[in-house]
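First the structure, in the form of C-alpha cells, and then the observations on it.
Each chain gets a letter, A, B and so on, in the order the sequences are listed, and its residues count up from 1.
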There are 2 protein chains.
Amino acid sequence: MNEDCVIYKIAGFIGKKWTIPIILELYKKKPKKRYSEIKKNFSGITPKILSMRLKELEKNGLVKKEMDISSVPVKCYYSLTERGLDFIRVINQIKKWGLKWNYGRCSSNAKSCKNCDL
Amino acid sequence: MNEDCVIYKIAGFIGKKWTIPIILELYKKKPKKRYSEIKKNFSGITPKILSMRLKELEKNGLVKKEMDISSVPVKCYYSLTERGLDFIRVINQIKKWGLKWNYGRCSSNAKSCKNCDL
DNA sequence: CCGGATCCTCTGCGATACTG
DNA sequence: CAGTATCGCAGAGGATCCGG
C-alpha cells in the first residue's frame, strides 16, 4: 500500500472524528468563526480535539486561521479556504451516494444533524 | 453530533485502513476474487484485518460473498455489489479533488499504487 | 478567552499461532 | 483454504488542570 497515495491520505483525515462536522460548521452561515463559537456548537468535543483538527485542516490547506492581535484577549478566526470550499462538493457526493442507497439516513430534523444540513 | 448521519457513517468506514484498497482490488480485473487472492495482492495485511474489512463491507452492502461448498476446501468468492460499484464513482471524486489541489500525489508507477490505479 | 500540557483509557492494528 | 484466538503496542480520543 502506498502511503503517499492521494486517496489514502484524504480518506485518512476524512475518517477522523469531528473532521467533517467541523468543515461543515465553517461552511454554514457565518464564514468566519471563532474557536469558542465552533466549540459551543458541538456538544461533546474537547478543546484538545478541536485544536488538533483545526491544525490538521490548516496544514492540509482547507482551513485558514486569522488572528486579531489588536484586542485582548487575542481573537482567532477560522474559515474555509478556496480548497476547503471545493471540498464541500466532495462531501456532497458522498452524501448523495449514501442517500441514494439508503445508507443510514439523513436526520428528519435538520437542526439536529450538523452534517447533513448542507 | 448525530451518529446516524449518512456522511458521518460513510466517512467512518472509508477512513479505516485497507478499506479503500480492498474495494479497488475487487474492482480491478477479475470481478470475483477469493480470500487468498486478495490477501496475496497486498503486502502487509493480516488475515484478521482482511476478515474484519470484508465483513464490514458485506454488512454495508458494498461487497457480496459467495461460497462454493461443492469442493473441498470450500471456496469463498468476494465481489462488489451494484452499490459497491457505484461507490467507485465517489472514490473517483475524492481522487479528482486531491489531484486538482495537488494534495499528495498519484504514484508515478501505477503498479505500486493500488489505490490510484483506477 | 484561547488554547497548551498532562495523564489516562480504549480501540485499531499488527504479529503469531491455531482450527474446521 | 479461510478464517478465528490471543497477545501486545501505539496512537486516538477524553478529562482535567494550567498558562498567556
Side-chain angles (χ1 to χ4, degrees), chain A residues 1-3 5 8-23 25-26 30 32-60 63-79 115, chain B residues 1-3 8-23 25-26 30 32-60 63-79 114-115:
Chain A
M1 209 173 58
N2 189 343
E3 304 289 332
C5 173
Y8 180 72
K9 282 175 69 180
I10 298 171
F13 82 74
I14 289 180
K16 289 189 179 174
K17 203 168 177 180
W18 298 107
T19 300
I20 291 187
I22 290 170
I23 294 175
E25 176 66 22
L26 290 176
K30 284 173 60 183
K32 287 187 183 186
K33 285 202 177 69
R34 298 181 59 183
Y35 180 89
S36 51
E37 286 182 287
I38 305 171
K39 192 163 174 308
K40 80 170 160 44
N41 282 333
F42 294 116
S43 60
I45 196 170
T46 59
K48 177 184 159 189
I49 302 297
L50 182 53
S51 290
M52 285 172 58
R53 291 298 168 271
L54 286 171
K55 236 170 244 165
E56 285 166 15
L57 289 170
E58 201 185 342
K59 189 180 132 210
N60 289 326
V63 161
K64 180 174 64 220
K65 179 181 182 180
E66 293 162 292
M67 300 177 65
D68 177 8
I69 329 182
S70 68
S71 66
V72 175
V74 172
K75 292 177 183 171
C76 301
Y77 292 96
Y78 296 92
S79 56
N115 288 346
Chain B
M1 209 172 59
N2 190 343
E3 305 289 333
Y8 180 72
K9 283 175 68 180
I10 299 171
F13 82 74
I14 289 180
K16 290 189 179 175
K17 201 166 180 182
W18 297 107
T19 298
I20 291 187
I22 290 170
I23 294 175
E25 177 66 23
L26 291 176
K30 283 172 59 182
K32 287 187 184 186
K33 285 203 178 69
R34 298 179 59 181
Y35 182 89
S36 53
E37 287 182 288
I38 304 170
K39 194 164 173 308
K40 80 170 160 41
N41 282 333
F42 294 116
S43 60
I45 196 168
T46 60
K48 178 183 155 188
I49 302 297
L50 182 53
S51 289
M52 286 173 58
R53 291 296 169 271
L54 285 171
K55 236 170 245 166
E56 285 166 14
L57 289 170
E58 201 186 343
K59 189 180 132 211
N60 289 326
V63 162
K64 181 174 60 224
K65 178 182 182 178
E66 293 163 292
M67 299 177 66
D68 178 8
I69 328 182
S70 67
S71 66
V72 174
V74 172
K75 292 176 183 172
C76 300
Y77 293 95
Y78 295 91
S79 56
K114 299 195 184 301
N115 287 347

Any chance you could measure B/Met52, atom CE, to B/Ile45, atom CD1, to the nearest 0.5 Å? 10.5 Å

Gap separating the CH2 atom of A/Trp18 from the OG1 atom of A/Thr46, nearest 0.5 angstrom: 8.5 Å

Rounded distance (Å) that lies between atom C1' of D/dG14 and atom NZ of A/Lys16: 16 Å

Which heavy atom of A/Phe13 sits nearest to which heavy atom of A/Asn60, and what is that distance? CD2-ND2, 3.7 Å

Write out all pairs satisfying salt bridge (Lys or Arg N to Asp or Glu O under 4.0 Å) with one or both partners inside residues 35-53 of chain B, taking only residues at least two apart or from two chains. B/Lys30-B/Glu37, B/Arg53-B/Glu56

Taking the side chain as C-beta and beyond, is there a heavy-atom pair between A/Leu57 and A/Thr19 under 4.5 Å? yes

By side-chain contact (heavy atoms from CB on, under 4.5 Å), which residues pair with A/Lys75, not counting sequence neighbours? A/Arg34, A/Asp68, A/Ser71, A/Tyr77

Going by the rule side-chain contact (heavy atoms from CB on, under 4.5 Å), which residues pair with A/Ser51 if we only count those two or more places apart in sequence or in a different chain? A/Tyr35

Applying salt bridge (charged side-chain N to carboxylate O under 4.0 Å, His left out), can you list everything that pairs with B/Lys33, at least two apart in sequence or on another chain? B/Glu25

Heavy atoms under 4.0 Å is the rule here; annotate nucleotides 1-8 of chain D 5' to 3' with B where the base is hit, S where only the sugar-phosphate is, and - elsewhere. SSBB-BB-

At a 4.0 Å cut-off to heavy atoms of chain A, the contacted part of DNA chain C spans C/dC1 to C/dC7

Test side chain to side chain donor-acceptor pair (under 3.5 Å) applied to A/Lys32 - qualifying residues, sequence neighbours left out: A/Glu66

If you fit an axis to the five pairs at each end of the helix from C/dC1-D/dG20 to C/dG20-D/dC1, how big is the angle between those two axes, to 10 degrees? 40°

For the pair made of NZ in B/Lys17 and P in D/dA12, what is the distance, rounded to whole Å? 12 Å

Are B/Ile22 and B/Tyr78 packed together at the side-chain level, in the sense that at least one heavy-atom pair is separated by less than 4.5 angstrom? no

